[in-house]
Protein chains: 2
Amino acid sequence: MNIGDAAKRSGVSAKMIRYYEEIGLIKASRRANGYRDYDESDVSVLQFIRRTRDLGFSLDEASSLLALWRDRKRPSREVKRLASQHIEDLERRMREMRAVVRTLKTLADHCHGDERSDCPILDDFAAATMKKSARKRPPA
Amino acid sequence: MNIGDAAKRSGVSAKMIRYYEEIGLIKASRRANGYRDYDESDVSVLQFIRRTRDLGFSLDEASSLLALWRDRKRPSREVKRLASQHIEDLERRMREMRAVVRTLKTLADHCHGDERSDCPILDDFAAATMKKSARKRPPA
DNA sequence: CTTGACCTTCCCATTATGGGAAGGATTAGG
DNA sequence: CCTAATCCTTCCCATAATGGGAAGGTCAAG
């Protein structure tokens with residue numbers, strides 16, 4: 001199977017398939033004419049990678065998961081550990097984003113949002129790091 | 001003021017200050033010896049940028065916000081619109097992450113996480129895109 | 001005058017992805 | 001059998017924002 005078909009069947013672009021090969025994530029056999037050649041199991045691997053990517057794992061993590069998948073005797077503990085770490089990472093990032101959203105919502109709530117120019121949002125951006133001096137005017 | 005002091009006072013690294021100048025976000029005057037020279041208002045601008053970055057705005061958005069800050073007659077509506085868009089963007093991304101976390105938690109909950117090798121997490125990664133055939137074994 | 005702490009520019013790396021060019025291979029239609 | 005379209009190949013570039021580090025100029029303190 002040519003790279004184009006492998007791409008269609010796996011949902012991974014041909015560009016990315018070549019890239020994954022370049023970084024050593026996957027391998028590909030070549031035909032006499034130099035074309036890469038893929039079979040069903042290659043497509044399965046690509047689908048596996050795609051699934052991990054869709055779930056937010058990095059290619060590095062995808063690589064580890066792939067190794068675990070290939071090792072039929074791996075303890076499931078290792079897989080679960082990677083998944084749990086990723087969950088914690090996502091939850092930490094969500095907490096950070098939530099804090100930012102709270103801040104921005106508060107600011108936006110106090111902004112008229114009309115033709116008037118006074119704006120507590122910009123005031124905050126300008127004053128956030130200042131200790132006690134009067135509210136900064138836009139310099140220059 | 002040298003770039004090092006501007007960096008300390010603004011919380012923006014010297015490296016980034018130079019980069020912001022390179023992409024046209026800020027400007028800097030030079031002294032006779034070629035050193036960049038900053039004053040209080042430059043520091044204020046850097047602090048403003050830092051605040052917007054901390055709140056997750058892109059440098060592109062930071063640029064727009066900076067322009068609005070400098071334009072004392074801008075309608076606050078425009079600022080609020082940018083902020084609201086950013087809030088929506090963050091909320092959309094959080095929803096996506098939350099869905100991923102839900103999926104992963106469900107998978108992890110069903111994984112023994114011990115010495116046994118069978119693992120529903122990897123099973124899902126391998127089977128997610130398949131229609132009806134039996135669960136895939138790791139190819140090759 | 002030397003030494004150390006600055007500053008300058010320039011290049012490289014990161015992460016994952018896409019765009020596009022130049023040129024060779026294959027395939028379908030006539 | 002020839003030609004055009006559609007593949008494939010490699011190579012280079014760009015993205016966003018940041019840091020690392022080298023080579024070399026400058027400045028201030030001793």
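Just so you know, these numbers use all the heavy atoms, side chains as well, and skip hydrogens, waters and symmetry mates. Just so we're clear, the structure is a prediction, and the values are computed from it rather than from any experiment. Just so it is clear: chains get the letters A, B, ... in the order the sequence lines come, proteins before strands, and each one is counted from 1.
Of the side-chain N and O atoms in A/S58, none sit less than 4.0 angstrom from OP1 or OP2 of C/dT15. Side-chain N/O atoms of B/Y20 include none lying less than 4.0 angstrom from OP1 or OP2 on D/dA17. Distances shorter than 4.0 Å separate none of the side-chain N or O atoms of A/N33 from OP1 or OP2 on C/dG24. Side-chain nitrogen and oxygen atoms of A/S13 include at least one within less than 4.0 Å of the OP1 or OP2 phosphate oxygen of C/dG18.
Less than 4.0 Å separates DNA chain C from no heavy atom of any residue of residues 81-97 of chain B.
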Reading nucleotides 5-10 of chain D from 5' to 3' and marking B where a protein heavy atom lies under 4.0 Å of the base, S where only the sugar-phosphate is that close, and - otherwise, the string is --BSBB
Please test B/F125 against A/W69 for ring pair (Phe, Tyr, Trp, His ring centres under 6.0 Å), starting from the C-alpha separation and ending with a verdict.
-> CA-CA 9 Å; B/F125 292 179; A/W69 186 34; 9.3 Å; no
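Here the straight-line distance linking atom CD1 of A/I3 with atom CE of A/M16 works out to 10.5 Å at 0.5 Å rounding.
With B/I49 as the partner, the side chain to side chain contact (heavy atoms under 4.5 Å, CB included) test is satisfied by one option alone out of B/I17, B/I26, B/L65, B/V12: B/I26.
With sequence neighbours excluded, the residues that form a side chain to side chain donor-acceptor pair (under 3.5 Å) with B/K105 are A/E91. Annotation: ring-ring contact (aromatic ring centres under 6.0 Å, His included) contacts of A/Y35 (sequence neighbours excluded): none. When the side chain to side chain donor-acceptor pair (under 3.5 Å) test is applied to B/R36, the partners found at least two apart in sequence or on another chain are B/E21.
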Extract from the structure each pairing of a protein N or O with an N or O of nucleotides 2-4 of chain C at less than 3.5 Å, listing the distance.
none

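For the pair A/D118 and A/R116, the salt-bridge criterion is not met [side-chain N within less than 4.0 Å of a carboxylate O].
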